[in-house]
There are 2 protein chains.
Amino acid sequence: MVKKENLTQKQSDVLREIYEFIAANSYSPSVRDIAQVLGFSSPKGAGDHLAVLEKKGYIQKNSSARSIRLTEKSLWYLGVQNPSLEKNVDYLPLLGSIAAGKPIFTEENIQEYVPISAQIMGKTKGQFLLKVKGDSMSGDHIIDGDTLVVKTQNTAENGNIVVALVNNGAVVKRFYKHDDGVIELRSSNPLYEPIVAEDNLMIQGRVIAIYRNIF
Amino acid sequence: MVKKENLTQKQSDVLREIYEFIAANSYSPSVRDIAQVLGFSSPKGAGDHLAVLEKKGYIQKNSSARSIRLTEKSLWYLGVQNPSLEKNVDYLPLLGSIAAGKPIFTEENIQEYVPISAQIMGKTKGQFLLKVKGDSMSGDHIIDGDTLVVKTQNTAENGNIVVALVNNGAVVKRFYKHDDGVIELRSSNPLYEPIVAEDNLMIQGRVIAIYRNIF
DNA sequence: TAAATTGCTATACAAATGTATAGCTAAATA
DNA sequence: TATTTAGCTATACATTTGTATAGCAATTTA
């Protein structure tokens with residue numbers, strides 16, 4: 001499961017209501033609009049939530065009327081697309097170097113939110129981006145600097161290219177589970193030895209797409 | 001020339017200002033915001049223009065603060081894209097099988113327009129997408145089914161991966177020009193013979209990025 | 001256990017905002 | 001020529017709106 005604990009349930013409700021309002025009206029709700037839908041009798045309740053949401057980076061606003069804007073972070077958090085007219089773009093978090101022992105979707109791990117075409121990508125719920133380091137998967141034509149689109153999942157089928165967390169951090173490998181239960185993570189470059197099952201091996205997701213810039 | 005006579009110059013100015021404001025702020029201007037930029041000393045001047053623009057179908061609004069929305073008609077009129085999307089997404093044509101002897105950017109060639117993240121792609125002017133067929137470039141880790149992002153240009157430097165039009169259609173190859181002027185298009189898979197210069201060889205563009213779906 | 005945070009109610013207020021009234025000039029139209 | 005339309009100025013006003021003050025209860029954190 002992806003960790004989304006950065007917001008409380010109430011804060012999440014408020015954020016979702018803002019999204020719903022903008023999706024329906026194409027302009028931002030007022031503080032009182034939010035309070036009314038959430039059942040608050042005072043604008044202050046909603047106003048306090050807005051302040052928290054802004055501090056945590058989920059919205060932007062200023063002192064003008066109806067000036068709330070959803071950030072890319074909130075679009076990813078809600079698992080929704082940009083509410084403004086076109087329905088083609090999703091936002092995926094680009095993760096930096098993933099350290100072992102910590103949840104993968106922590107604040108420090110997320111470098112930026114990248115808009116991705118839903119049209120060529122399909123549904124992007126629970127996906128993230130990861131930069132490839134090294135040439136251990138060159139046999140699968142995945143090379144250093146490539147950006148991977150990873151679908152979050154904690155199991156895999158034999159032969160899947162997965163992102164896994166082992167002792168020394170995150171690795172990209174082909175997944176194989178033997179009959180005796182031993183898990184093997186194979187590089188597709190023969191120069192690299194396979195990693196054999198360890199207790200603390202955790203599958204983070206499956207690679208479903210690759211992006212590469214050629215300069 | 002497309003007729004754009006449905007609006008007067010002043011009305012057009014007001015409409016453009018609304019667009020500029022939304023593009024800059026991601027929320028609608030107030031009546032007074034518009035009046036100020038246009039140099040009116042009264043909100044009524046701007047308000048009258050808004051009423052006309054709404055009656056003519058260029059905007060929608062209600063009595064709420066900052067509730068102006070641009071219609072598709074106005075986006076077309078101004079020759080712009082949705083201001084909230086324009087920052088992040090460009091549309092690139094995905095070309096089908098390119099036949100020799102015809103211009104590359106014909107209507108029949110364009111299968112669809114794919115929204116592409118400008119953030120990971122950079123400037124996309126004059127670019128197009130092309131599906132790879134065959135494994136002749138597998139040595140460069142470009143394989144069958146990959147989608148190429150191609151920058152339109154009719155020259156290339158040695159070693160560039162280019163899209164070229166030869167007798168039998170479009171090919172993706174590495175470009176080399178010898179001292180004697182002979183042009184050689186090399187596959188990176190040794191199983192394929194190089195193509196040597198022909199009179200009707202035309203460079204269409206250079207490959208600047210690759211996208212691949214893994215199922 | 002003490003302090004901070006969350007999540008509100010109730011009330012108030014100044015500023016922002018949409019809209020109305022009245023009227024003016026210049027240009028276009030009938 | 002008379003009338004309408006476009007394009008404003010000046011002023012006013014009722015809401016809408018963001019925000020502040022004061023306070024309370026429950027929960028979480030230190």
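The basis for the numbers below is simple: all heavy atoms, side chains too, and nothing from hydrogens, waters or symmetry mates. Note on naming: letters A, B, ... go to the chains in the order of the sequence lines (proteins, then strands), and numbering restarts at 1 for each one.
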message: Using whole Å, what does the distance between atom P of nucleotide C/dG18 and atom CG of B/L53 come to?
response: 15 Å
- prompt: Which listed nucleotide (D/dC8, C/dA10, C/dT19) is nearest to the side chain of B/R32?
  reply: C/dT19
message: I need the CG-C1' distance between B/D33 and C/dA15, as an integer number of Å.
response: 14 Å
Between D/dT9 (C1') and B/K10 (NZ): distance, integer Å: 13 Å
- prompt: Is a side-chain N or O of B/R66 found less than 3.5 angstrom from the main chain of B/S28, in a donor-acceptor match?
  reply: yes
- prompt: So what does B/G45 touch, heavy atoms closer than 4.0 Å: a base, only the sugar-phosphate, or nothing?
  reply: base
message: With a 3.5 Å distance limit and no angle check, can you tell me whether B/R212 reaches the backbone of B/I210 through a side-chain donor-acceptor pair?
response: no
- prompt: Atom CD1 of A/I34 to atom P of D/dT16: distance rounded to whole Å?
  reply: 17 Å
Nearest listed nucleotide, side chain of A/P43, among C/dA12, D/dT17, C/dG7: C/dA12
- prompt: The side chain of A/S30 lies closest to which of these nucleotides: C/dT19, D/dG18, D/dG7?
  reply: D/dG18
- prompt: If only atom types and distance count, is the side chain of B/S42 paired as donor or acceptor with the main-chain N or O of B/K44 below 3.5 Å?
  reply: yes
query: Looking at the side chain of A/V31, which of D/dT19, C/dA22, C/dT9 is the nearest nucleotide?
result: D/dT19
Given C/dG7, D/dT17, D/dG7, the nucleotide with the shortest approach to the side chain of A/Q11: C/dG7
- prompt: What is the distance from CG of B/L38 to P of D/dA6, rounded to the nearest Å?
  reply: 17 Å
message: Could you check whether any side-chain N or O of B/D140 sits under 3.5 Å from a backbone N or O of B/I142, counting only pairs where one atom can act as donor and the other as acceptor?
response: no
message: Distance check needed: C/dC24 P versus B/D48 CG, whole Å only.
response: 17 Å
message: Taking only side-chain N and O atoms of A/S42, does any of them lie within less than 4.0 angstrom of OP1 or OP2 on C/dT11?
response: no
Presence of A/K44 side-chain N/O under 4.0 Å of C/dT9 phosphate oxygens OP1/OP2: no
query: Taking OP1 and OP2 of C/dC8, is either one under 4.0 Å from a side-chain nitrogen or oxygen of A/S41?
result: no
statement: Here the distance between atom C1' of C/dC8 and atom CZ of A/F40, to the nearest Å, is 7 Å
- line: Assign each of B/K55 and A/S63 the nucleotide of DNA chain D bearing its closest heavy atom; nearer the 5' end lies the nucleotide of B/K55
- prompt: B/Q9 has an atom CD; how far is it from atom C1' of D/dC8, in whole Å?
  reply: 16 Å
Salt bridge flag under 4.0 Å for residues A/K131 and A/D146: no
Backbone N/O of A/E157 and side chain of A/N160: donor-acceptor pair under 3.5 Å: yes
task: Would you kindly compare B/S64 and B/G39 by the position of their nearest DNA chain D nucleotide and give the one closer to the 5′ end?
output: B/G39
message: Measuring to OP1 and OP2 of D/dG7, would you say a side-chain N or O of B/H49 lies under 4.0 angstrom away?
response: yes
- prompt: If you check the B/K61 side chain, which of C/dT19, D/dT17, C/dG7 turns out closest?
  reply: C/dT19
